[in-house]
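Counting convention: from 1, in listed order, for ligands and their atoms alike.
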Amino acid sequence: MEKASRLHKLSSAIFNEMDELKEQVEQRGVSVINLGLGSPDQPPAPHIIEAMHRALDKPDNYVYPLTGKIELRQALARWYQRRFGVELDPVTEVLVLMGTQDGLAHIAMAFVNPGDIVLVPDPGYPIYYASILLAEGEIYPMPLLAKNEFLPDLQAIPEDIARQAKLMWINYPNNPVAAVASADFFARVVEFAKAFNILVCHDVAYCELAFDGYKPVSFLETPGARDVGIEFYSLSKTYNMAGCRLGFAVGNPMVLSALNQVKSNIDYGVFNVIQEAGIAALEGPQECVRQNADTYRRRRDVLVHGLAKLGWPVPSPGASMFLWAPLPPGYQKSAREFALGLLNRSGVLVIPGTAFGEQGEGYVRIALVRDEDILKEAVERIGELIGAG
Ligand SMILES: *Cc1c(COP(=O)(O)O)cnc(C)c1O
């Protein structure tokens, strides 16, 4: 039996290589400090888990959930109002997803025909690429470069490409580059999208993991944004609910209805028990969100200061759960070689930037997903490697 050719395009050689080496290193008895996958390591707040317990006892919660409880969509609309000052109609402008990944993966099927051009940040979160490949669209990478503060240079996109482009992905606070965007940048995106009739999909997974008083904005705060696009909002990072698989798409009603049309052929909605936990998260006390951000800030500081002492200067991000680290001075090798060497010799797993696109060369992504003590140990281990040359 032969697998479909689209599967070949999906496999990521670098992620596979890191996984295999991790197993080999563990078999040698080394305990690997895994700063690879951006999966939150903390549990949700107790009131969220309690709501889930209560929901388990309601017999009504075991039917096919379909489009999502109206109470949950209202809760999200209220949250957007409180947090961003953005009004959403809970019926037409809020779609419940099985984690935002669900929507990120399926939106291209609703809008991209084979051969259509899609503008994708490079480096970028892997599902943006995968969704286009599954829909048989064409990828046009928008480089995210340090000299442009890791924002795509819209002026640099050739006009014929812009005219043919169907969809554009953006994501701030960004994974993997840990950069943030201003309202001003979003205004330029809206203008560009209107000029060239492009659907904008903004992924806002990290809007609550921001530090030092900084408050990320929603794309939908931008005048005109709702005419051109939608935003994906996830509970995974904000409330440590990654395993619950609950997220939302919000914004343009026509776009959401097309996405829902694809989804209604594929799934029957999110388990009602999880939806009730989502209501508790969005409507309950928000102290846990502040604490969560504070945890990541402290971890960021431990790593940034620790690495700086080793002579490895890494920019301190204003938001997200990652460091986007240029390779240490003296390491002119590829990001892949550096990351493989670090894992092999120190047992510290970070992801080479090239796993996220060509422009990731020269960087590694370090996820802040372990306690401060473990991060200190990671710094020590890295010190032995860098010190040894
Ligand atoms: C973690 C993450 C998500 C969240 O995905 P869910 O499916 O909602 O868990 C979305 N986008 C980016 C860029 C992420 O890093």
S.K.: Can a non-hydrogen atom of Ser236 be found less than 4.0 Å from any atom of ligand 1?
M.R.: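 True for this residue.
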S.K.: For Phe271 and Pro65, work out which heavy atoms get closest and say how close.
M.R.: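 Residues Phe271 and Pro65, closest heavy atoms: N-CG, 4.0 Å.
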S.K.: Numbering the atoms of ligand 1 from 1, which are under 4.0 Å from a heavy atom of Gly99?
M.R.: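 So the answer, numbered in order with elements, is 7 (O), 8 (O).
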S.K.: Which ligand 1 atoms, with their elements, are less than 4.0 angstrom from a heavy-atom of Gln101?
M.R.: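 Ligand 1 atoms under the 4.0 Å threshold to Gln101: 6 (P), 7 (O).
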S.K.: Can we say Glu276 and Arg54 salt-bridge, meaning some charged N sits less than 4.0 Å from an Asp/Glu carboxylate O?
M.R.: no
S.K.: Do me a favour and list the nearest non-hydrogen protein atom to atom 2 (C) of ligand 1 with residue, atom name and distance?
M.R.: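 It is Lys237 NZ, 2.5 Å.
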S.K.: What are the atoms of ligand 1, with element, lying closer than 4.0 Å to any heavy atom of Asn175?
M.R.: 13 (C), 14 (C), 15 (O)
S.K.: Suppose we measure from atom 11 (N) of ligand 1 to each protein heavy atom; which comes out shortest, and what is that distance?
M.R.: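 So the nearest neighbour among protein heavy atoms is Asp203 OD2, 2.6 Å.
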S.K.: Distance to 0.1 Å, residue and atom name: give those for the protein heavy atom nearest to atom 4 (C) of ligand 1.
M.R.: Thr100 OG1, 3.4 Å
S.K.: For residues Lys69 and Asn61, is any side-chain donor paired with an opposing acceptor at under 3.5 Å?
M.R.: yes
S.K.: When you measure from the heavy atoms of Tyr206 to every atom of ligand 1, does any distance fall below 4.0 Å?
M.R.: yes
S.K.: In sequence, state the C-alpha distance, the side-chain angles, and the governing distance for Arg299 and Asp41, and then conclude on salt bridge (Lys or Arg N to Asp or Glu O under 4.0 Å).
M.R.: CA-CA 12 Å; Arg299 293 173 176 183; Asp41 58 319; 2.9 Å; yes
S.K.: Do Asn197 and Arg163 have side-chain N/O donor and acceptor atoms under 3.5 Å apart?
M.R.: no
S.K.: Going by the atom numbers of ligand 1, which of them fall below 4.0 Å from some non-hydrogen atom of Ala205?
M.R.: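 Close to Ala205: 2 (C), 3 (C), 10 (C), 11 (N), 12 (C), 14 (C).
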S.K.: Can you sort out which atoms of ligand 1 are near Arg245, meaning under 4.0 Å from one of its heavy atoms?
M.R.: 6 (P), 7 (O), 9 (O)
S.K.: Flag the pair Arg83 and Glu208 as a salt bridge only when some basic side-chain nitrogen lies within less than 4.0 angstrom of an acidic carboxylate oxygen.
M.R.: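 Yes, charged N to carboxylate O under 4.0 Å.
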S.K.: Are Asp294 and Arg290 close enough for a salt bridge, meaning some N to O gap below 4.0 Å?
M.R.: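 So Asp294 does not pair with Arg290 through a salt bridge.
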